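Proteins get letters first, then strands, A, B, ... in listed order; numbering begins at 1 in each. These numbers come from the heavy atoms of this one structure, side chains and all, not from hydrogens, waters or symmetry mates. Quick caveat: nothing in here was measured; it's all calculated off a predicted structure.
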There are 2 protein chains.
Amino acid sequence: MKSVDITHRLNVFQEACERLGLKITHQRMEIYRAVIMTENHPDAVSVYHRVKKRIPMISLDTVYRNLKLLAKHGLISIVGLSQESLRFDGNMTPHHHFACVKCGMIRDFNSPAIGHLPIPEEVKGFGSPVSVHLEVKGLCATCKKSSRRN
Amino acid sequence: MKSVDITHRLNVFQEACERLGLKITHQRMEIYRAVIMTENHPDAVSVYHRVKKRIPMISLDTVYRNLKLLAKHGLISIVGLSQESLRFDGNMTPHHHFACVKCGMIRDFNSPAIGHLPIPEEVKGFGSPVSVHLEVKGLCATCKKSSRRN
DNA sequence: CATGATAATAAGAATTATTCCTAATTGAGA
DNA sequence: TCTCAATTAGGAATAATTCTTATTATCATG
């Protein structure tokens with residue numbers, strides 16, 4: 001990404017923080033910057049090491065706290081289903097998943113339309129695809145109800 | 001799932017183990033059975049508790065070991081991208097992922113076709129979808145090369 | 001059916017990822 | 001500038017997963 005783009009995105013980020021009532025701290029800015037500058041979807045520890053070069057006293061907890069906070073506010077996202085532990089699936093027939101971001105509930109669904117999706121040529125350049133799943137994230141009906149009560 | 005179906009799947013599983021040279025142990029059978037009988041994509045600890053009712057001395061390690069082994073052989077699957085830690089994404093424009101199951105590399109791709117997929121009505125009954133990602137799992141070019149060497 | 005090679009297991013220690021706790025610091029509005 | 005709630009650093013705590021080792025069980029073969 002070009003440095004003018006980075007600057008622009010940092011400005012947009014700053015405005016978003018103001019709008020959301022999040023304080024604009026040095027740490028928060030650098031953590032965000034590290035995420036958008038890293039192409040390959042870093043984990044928290046990678047972000048930590050990267051930010052440490054600019055803020056040597058940064059704590060890993062601060063990195064985790066901000067990454068989660070920013071993800072919660074939709075300023076960055078978590079790759080995949082954001083589960084804290086591995087989950088297993090005995091259904092080996094083609095299907096897809098709906099996952100609740102709050103309680104972790106996962107439901108299967110099929111879709112003939114999705115069944116024969118065209119995988120772009122580009123992807124074959126990355127390697128050999130083995131499986132294809134559509135992952136729909138959202139709030140399940142139960143969690144939606146309980147969050148309205150608050 | 002009906003009990004005749006369970007029985008049938010256990011038979012198929014047993015044949016698969018024979019074909020793959022995996023020994024048919026009591027623990028392995030019960031672990032597989034627990035996974036296919038649980039609709040909601042259990043994590044390892046849930047499987048452990050379920051199996052413990054039938055094999056009180058089962059160890060958690062055995063559960064993990066078998067779940068991973070069965071997943072490796074394609075007898076069950078791991079939900080999502082099978083990552084061991086959370087990974088973050090600063091790209092908030094619509095895109096999809098190719099993930100290498102061996103080294104964890106993730107690459108983005110877009111697809112206009114996937115962009116306006118019809119989400120089945122069924123899914124709206126589960127809750128409110130927020131994001132939709134296609135997750136393609138496979139072996140990346142580099143890992144494919146290095147595994148051929150062995 | 002006995003037996004030996006080897007895969008698999010139990011139990012607990014070790015490792016890794018993530019979150020919590022607390023005291024000190026800081027950003028931003030009055 | 002002053003104040004206060006939000007944020008931070010640092011280390012302890014927790015949770016998830018893997019490793020180590022001694023023992024046991026499976027299954028091919030005699």
Side-chain angles (χ1 to χ4, degrees), chain A residues 10 13-32 34-35 41-49 51-73 75-76 78-88 101-102 104, chain B residues 13-32 34 41-49 51-73 75-76 78-88 101-102 104:
Chain A
L10 289 176
F13 176 69
Q14 197 157 326
E15 284 160 21
C17 285
E18 280 164 15
R19 180 165 27 83
L20 293 164
L22 304 178
K23 290 187 178 172
I24 296 160
T25 66
H26 186 196
Q27 291 87 340
R28 183 162 291 158
M29 291 302 287
E30 289 299 335
I31 288 166
Y32 180 73
V35 173
H41 307 312
D43 61 10
V45 174
S46 309
V47 173
Y48 172 67
H49 288 312
V51 174
K52 216 169 166 37
K53 289 179 189 158
R54 306 182 127 235
I55 311 179
M57 304 309 282
I58 189 95
S59 102
L60 181 56
D61 182 55
T62 297
V63 173
Y64 270 106
R65 194 164 10 81
N66 276 287
L67 289 173
K68 290 262 174 141
L69 185 69
L70 300 186
K72 193 171 90 179
H73 286 294
L75 300 175
I76 64 176
I78 294 178
V79 176
L81 296 182
S82 24
Q83 351 176 68
E84 62 300 317
S85 56
L86 291 175
R87 295 179 63 173
F88 299 88
V101 294
K102 195 154 177 211
Chain B
F13 175 70
Q14 195 157 327
E15 282 161 23
C17 285
E18 281 164 15
R19 180 164 28 84
L20 293 163
L22 303 177
K23 289 185 179 173
I24 295 159
T25 66
H26 186 194
Q27 291 87 339
R28 182 161 291 155
M29 292 302 287
E30 289 299 334
I31 288 165
Y32 179 74
H41 306 312
D43 62 10
V45 174
S46 309
V47 173
Y48 172 66
H49 288 312
V51 174
K52 218 169 166 37
K53 289 178 189 159
R54 306 184 126 232
I55 311 180
M57 302 310 281
I58 188 94
S59 103
L60 180 55
D61 181 56
T62 297
V63 173
Y64 270 106
R65 193 164 12 80
N66 276 287
L67 289 173
K68 291 260 174 143
L69 184 70
L70 301 186
K72 193 170 90 178
H73 287 294
L75 300 176
I76 64 176
I78 294 179
V79 175
L81 296 182
S82 22
Q83 348 177 72
E84 62 299 319
S85 56
L86 291 176
R87 295 180 63 172
F88 299 88
V101 294
K102 195 153 175 210

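Summarising the geometry, the separation between CD1 on Ile55(B) and C1' on dA10(C) is reported as 12 Å, rounded to the nearest angstrom. Across the protein-nucleic acid pair, Glu30(A) atom CD and dT26(C) atom C1' stand 17 Å apart, rounded to whole Å. One atom, NE2 of His26(B), and another, P of dA10(C), lie 10 Å apart when rounded to the nearest Å. Protein atom OH of Tyr48(A) is 13 Å distant from nucleotide atom P of dA17(C), rounded to whole Å. Summarising the geometry, the separation between CE on Met57(A) and P on dT25(C) is reported as 12 Å, rounded to the nearest angstrom. Atom CZ of Arg87(B) is separated from atom C1' of dA17(C) by 14 Å (rounded to the nearest Å). The CG-C1' distance, from Leu69(B) to dT17(D), rounds to 16 Å in whole Å. Atom CZ of Arg19(A) is separated from atom C1' of dA28(C) by 18 Å (rounded to the nearest Å).
Taking the side chain of Arg28(A) as heavy atoms from C-beta on, and the options dT17(D), dT8(D), dC27(D), the nearest nucleotide is dT8(D). Comparing dT17(D), dT9(C), dA11(C) by their closest approach to the side chain of Ser85(A) singles out dT17(D). The listed nucleotides are dT8(D), dG10(D), dA10(C); the one nearest the side chain of Arg65(B) is dA10(C). Closest to the Thr25(A) side chain, of the nucleotides dT18(C), dT18(D), dT8(D), is dT8(D). Picking from dC21(C), dT8(D), dA11(C) the nucleotide with the shortest atom distance to the side chain of Asp61(A) gives dC21(C). Side-chain proximity of Ser59(A) to dT8(D), dT18(C), dG10(D): nearest is dG10(D).
The 5' end of DNA chain D is approached more closely, in terms of each residue's nearest nucleotide, by Asn66(A) than by the other of Asn66(A) and Leu22(B).
Looking at heavy-atom distances under 4.0 Å, Leu60(A) makes contact with a base.
The shortest non-hydrogen separation linking Tyr48(B) to Leu60(B) is CE1-N, 3.4 Å. Residue Leu86(A) comes nearest to Gln83(B) through the heavy atom pair CD2-O, 4.0 Å, listed as atom of the first residue, atom of the second, then distance. When all heavy atoms of Leu67(B) and Ile31(B) are compared, the closest pair comes out as CD2-CG2, 3.8 Å. Nearest heavy atoms, Phe88(B) versus Ala44(A): CE1-N, 4.1 Å. Here the shortest heavy-atom pairing between Gln27(A) and Ile55(A) reads CA-CD1, 3.8 Å.
The base of dT6(C) sits within donor-acceptor range of the side chain of Lys23(B), with an N or O pair under 3.5 Å.
Under 4.0 angstrom from either OP1 or OP2 of dT18(D) there lies no side-chain N or O belonging to Tyr64(B). Side-chain N/O atoms of Gln27(B) include one lying less than 4.0 angstrom from OP1 or OP2 on dA10(C).
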